[in-house]
There are 2 protein chains.
Amino acid sequence: MSALSDVARLAEVSKATVSRALSGNGYVSIETRNRVVAAAAAIGYVVSSNASSLVTGHTKNVGVVIPFINRWFFGEVLEGIETALIAAGYDLTLYRLSADDAARRRVFEYFLVRKRVDAVIAVGIELTRTEVDLLRSLGKPIVGIGGAVEGMATLSIDDVAAAELITELLIGLGHTRIMHVGGSQQKQVDFRVHSQRLKGFTQAMRSAGLRYDDESFRPTDISIEGGYTAGLSILADPRSRPSAIVAGADEVAIGIIIAARQLGIQVPAQLSVVGIDGHDLAPMFGLTTLAQHPKSQGTMAVRLLLDELTDLTEPLDRPASNWNTFPVSLEVRQSTTAPPLP
Amino acid sequence: MSALSDVARLAEVSKATVSRALSGNGYVSIETRNRVVAAAAAIGYVVSSNASSLVTGHTKNVGVVIPFINRWFFGEVLEGIETALIAAGYDLTLYRLSADDAARRRVFEYFLVRKRVDAVIAVGIELTRTEVDLLRSLGKPIVGIGGAVEGMATLSIDDVAAAELITELLIGLGHTRIMHVGGSQQKQVDFRVHSQRLKGFTQAMRSAGLRYDDESFRPTDISIEGGYTAGLSILADPRSRPSAIVAGADEVAIGIIIAARQLGIQVPAQLSVVGIDGHDLAPMFGLTTLAQHPKSQGTMAVRLLLDELTDLTEPLDRPASNWNTFPVSLEVRQSTTAPPLP
DNA sequence: CTGAAAGCGCTAACAT
DNA sequence: ATGTTAGCGCTTTCAG
C-alpha cells in the first residue's frame with residue numbers, strides 16, 4: 001500500500017535515492033541508506049514488483065510446466081525446483097499441462113507470454129520446435145527435464161540405457177522369464193518415455209538371447225492401482241508366472257509387489273521386481289531400483305536457469321555447447337535383502 | 001515485445017480503443033473491434049500483465065501456500081486448485097511452506113505482499129491472526145482448506161468426527177483390539193490434525209468401553225515407509241496383534257497392509273485397516289476409507305475465492321456469515337470384499 | 001553521492 | 001463510439 005514516495009518523504013530523500021538504497025544499485029552513502037531502510041521498515045514498505053518489472057523487464061518469477069503433480073517423480077522434481085527457486089528469491093508459477101492440445105497452446109500463447117515469467121522450466125514435456133522458438137524469441141531461457149530437446153538445455157537420464165541396465169541386472173542374477181510392466185505405448189507422455197524404457201528392456205533381452213514376445217510386455221496405468229491390477233493378472237497362473245519384473249515406474253513396482261504378496265508369492269525370494277524412479281522404497285520392498293534423484297534434478301535445473309538469467313547481461317547468442325543435454329547419473333540402489341533364487 | 005501502441009498504429013485507432021476492444025470493457029463498434037483483433041493477432045500482441053496490473057490493481061494470479069507437494073492429499077488438492085484456477089484465467093503461484101519459521105515469515109512478509117497475488121489459498125496451514133490480518137489489510141481474500149481459522153473462509157472436514165466415525169465403524173464390526181497408527185503428536189503439521197484424529201479415535205474407544213492405553217496409539221511418519229515400519233513392529237507378535245487398525249492417512253494404511261501381507265496376515269480377513277484420506281485404494285486393499293475428496297476441495301476453494309474476487313466491486317466488509325467454515329462431507333467408501341472376522 | 005525528469009505499457013475518467 | 005489525458009509505482013539516465 002505504501003509506495004516508494006512515502007518512504008522518500010519519510011526519509012527526506014528523493015525517490016531515486018530510495019530506489020538505489022533499497023535495491024543496492026548505485027551509490028548511496030551508508031548513513032542515507034540506513035535512514036531509508038529504517039523508514040521503509042517503519043511503514044512496512046515492499047516494492048511493487050509490477051511497477052518494478054514494468055521498467056526493468058524482468059519479473060523474478062519462473063514458470064514451470066509439468067504434466068502431473070501427484071506422481072512421485074514429478075512431485076519430487078517440483079519440490080526440488082520450488083526450494084531452489086525460493087532460495088534464489090524467485091517465485092514459481094505452476095502450469096499443469098494436460099494432454100489437451102488447446103489448453104497447452106493457451107498456456108504457451110497466453111499465460112507464458114504476457115511477460116509474467118523470466119524463464120521456463122519444462123518437466124517431462126517435450127516442447128515443440130515452435131514452442132521453443134516462441135519462448136526464445138521472447139528472450140526467455142528454458143531448461144527441460146526428462147529428455148533432449150533441440151535448442152535448449154535439458155537434464156535427463158537415458159531411459160533406454162536405464163531400462164537396459166536394470167534388465168541386465170536381472171539377467172545377471174540368473175532370471176530367464178522376465179516381464180516388463182510399463183506405460184501404455186499408445187497414450188504416451190511426452191518424450192515417449194514408455195517406449196524408451198520398453199526399448200531398453202527389449203534390447204537387453206535380445207542381446208542375452210532370452211525369449212521376448214507379446215507376452216513379455218504388459219501395459220498399465222502408472223499408478224499403484226495399475227501395477228496391482230497388472231500384477232494380479234500376470235502372477236495368477238504359477239506356470240506362466242515370470243520370476244522377475246521390470247516395472248516402468250516405482251508406483252507400478254509397488255502395486256505389483258502388493259499383488260504378489262496377496263497371492264502368497266514371496267518377494268524377493270520368488271519374484272524380483274525392479275523399478276526406475278527410485279524413491280527409497282528399495283529396502284522396504286526388497287527391490288532394486290535405479291535412482292534418478294528427482295529432487296536434485298529440480299535443483300540442478302534451477303541452477304542452470306539462474307546461470308543463464310544472470311549471464312543475461314550480455315544477451316542471447318550463447319555458445320551452442322551450452323544447449324546440450326546433461327546426463328543425469330543413475331544410481332543402482334541395491335536391496336539389502338538376499339538376492340532372489342530364480 | 002509488441003505493445004499496445006503498435007496495435008493502435010496498425011489498426012489506425014487510439015490506444016484506448018485497442019484496450020477497450022481487446023479487454024471487452026467499454027463500447028467499440030463491431031468493425032473496429034475486428035480490425036483491432038486482426039491487427040493484434042497479426043503482430044502476436046499479448047497484453048503486459050505488469051502494466052495492466054499496475055493500473056488496475058489486480059493481477060489475475062493467486063498464491064497457494066501448502067506444506068507438502070508430494071503427499072497424496074496435498075497433491076490432489078493442488079491439482080484441483082490448479083485446474084479450477086487456470087479455467088478461470090488465473091495464474092497460480094506456489095509456495096511450499098516448510099516448518100522453518102523464518103522462511104514462513106519471508107513468504108508472508110515479502111513474497112505475498114509485493115502485490116503479485118490477488119488472493120491466497122492456504123492448504124493445511126493454520127494462518128496466525130497476524131498473517132490473516134496482514135493479508136486482509138492488503139485487501140486480499142483468503143480461503144483455507146483443512147481447518148477453521150478465525151477471520152477467513154475455510155473448507156474442512158471435522159477430523160475428530162472423522163476418526164471417531166471410522167473407529168465406530170470398526171467397533172460395530174465387532175473389533176475390540178483396535179489401534180491407531182498416525183502422525184506424531186510432537187512434530188505436528190498445522191491444525192494439529194494428528195491430535196484431532198487421535199482424539200476422535202480415543203473418544204470412540206472410550207464411549208464403547210474398550211481398552212485404550214499407551215499401546216493403542218503408535219506414532220509414525222506419514223508415508224508408506226512409515227506405515228510399513230510401524231506395521232512390522234505392531235503385527236510381529238501374534239498374541240498382542242490388533243484385529244483392526246485406524247490409520248492416520250492413506251499412505252500409512254498402505255504401508256501397514258504391505259507389512260501385514262509380508263508377515264502372512266490376510267487383509268482384511270485377519271486384519272482390518274481403515275484410512276481417512278480416501279484415494280480409491282479401497283477396492284484394492286479391501287480397506288474401508290473415509291473419502292474427503294481432496295480434488296473437489298481444491299475446486300471448491302477456488303470457487304469461493306472467485307466469488308469474493310468478483311464481488312469485490314463493493315470492497316471489504318462482507319457479512320460475517322461468509323467467514324465460516326464449510327464442512328466437507330465425508331463418504332464412507334466400503335470395501336467390496338467381505339467384512340472381516342474379528 | 002543525490003535529485004529531477006522521463007518514461008515502462010497499460011487503463012480509466014473525461015471529453016467529444 | 002472513439003480520442004485525449006493523466007497517471008499506476010518504479011528505475012534510470014542525466015545533471016549537478
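The figures that follow rest on heavy atoms only: side chains count, while hydrogens, waters and symmetry mates do not. Reminder, nothing fancy here: chain letters follow the sequence lines and each chain counts from 1.
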Q | Salt-bridge present (B:R114, A:D91; N to O < 4.0 Å) | A |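 Salt bridge present between B:R114 and A:D91.
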Q: May I ask you to say whether A:R192 pairs ionically with A:E126, meaning some side-chain N is under 4.0 Å from a carboxylate O?
A: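 A salt bridge is absent here (no side-chain N lies under 4.0 Å from a carboxylate O).
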Mind checking whether [X] and [Y] have side chains closer than 4.5 Å, heavy atoms only?
X	Y	answer
B:Y90	B:L92	no
B:I86	A:R106	yes
A:T299	A:I81	no

N/O-N/O pairs, protein side and nucleotides 14-16 of chain D side, under 3.5 Å:
none

Do any N or O atoms from the side chain of [X] and from the backbone of [Y] form a donor-acceptor pair under 3.5 angstrom?
X	Y	value
A:D307	A:L304	no
B:R35	B:A11	yes
B:E12	B:R9	no

Q | side-chain hydrogen bond (donor to acceptor under 3.5 Å, both in side chains) contacts touching residues 44-57 of chain A (sequence neighbours left out) | A |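 Listed once each, the pairs are A:S49-B:R116.
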Q | Sequence neighbours excluded - side-chain hydrogen bond (donor to acceptor under 3.5 Å, both in side chains) pairs with any residue from residues 14-23 of chain B | A |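 Only B:S14-B:T17 qualify under side-chain hydrogen bond (donor to acceptor under 3.5 Å, both in side chains).
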Whole-Å gap separating [atom2] ([N]) and [atom1] ([X]):
X	N	atom1	atom2	result
B:L4	D:dG3	CG	P	12 Å
B:K60	C:dC10	NZ	P	17 Å
A:L22	D:dG9	CG	P	16 Å

**Q.** Chi angles and distances behind the side-chain hydrogen bond (donor to acceptor under 3.5 Å, both in side chains) call for A:N70, B:E76
**A.** CA-CA 6 Å; A:N70 210 359; B:E76 288 287 304; 2.7 Å; yes
Q.
Heavy atoms from C-beta onward define the side chain here; which of C:dT11, D:dT2, C:dG9 lies closest to that of A:L54?
A.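 When the side chain of A:L54 is considered, C:dG9 is the closest of C:dT11, D:dT2, C:dG9.
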Q) So, is A:T17 near the phosphate of C:dG3, with a side-chain N or O under 4.0 Å from OP1 or OP2? A)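 Yes.
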Q) Only one of B:L305, B:V113, B:V117 forms a side-chain contact (heavy atoms from CB on, under 4.5 Å) with B:K140, so which one is it? A)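 Answer to the side-chain contact (heavy atoms from CB on, under 4.5 Å) test with B:K140 among B:L305, B:V113, B:V117: B:V117.
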(Q) Quick one, A:R129 with A:D133, criterion salt bridge (charged side-chain N to carboxylate O under 4.0 Å, His left out). Give me CA distance, side-chain angles, the key distance, then yes/no. (A) CA-CA 6 Å; A:R129 183 94 226 130; A:D133 287 348; 3.6 Å; yes
Q. Which residues, if any, of residues 24-36 of chain B bring a heavy atom under 4.0 Å of DNA chain C?
A.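 When residues 24-36 of chain B is checked for heavy atoms under 4.0 Å from DNA chain C, there are no hits whatsoever.
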**Q.** Residues from residues 37-51 of chain A lying under 4.0 Å of DNA chain D - heavy atoms
**A.**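 Residues of residues 37-51 of chain A under 4.0 Å from DNA chain D: A:Y45, A:V47, A:S48, A:A51.
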Q | Close residues, residues 7-16 of chain A, relative to DNA chain D [heavy-atom separation under 4.0 Å] | A |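 Hits under 4.0 Å, by residue number: A:K15, A:A16.
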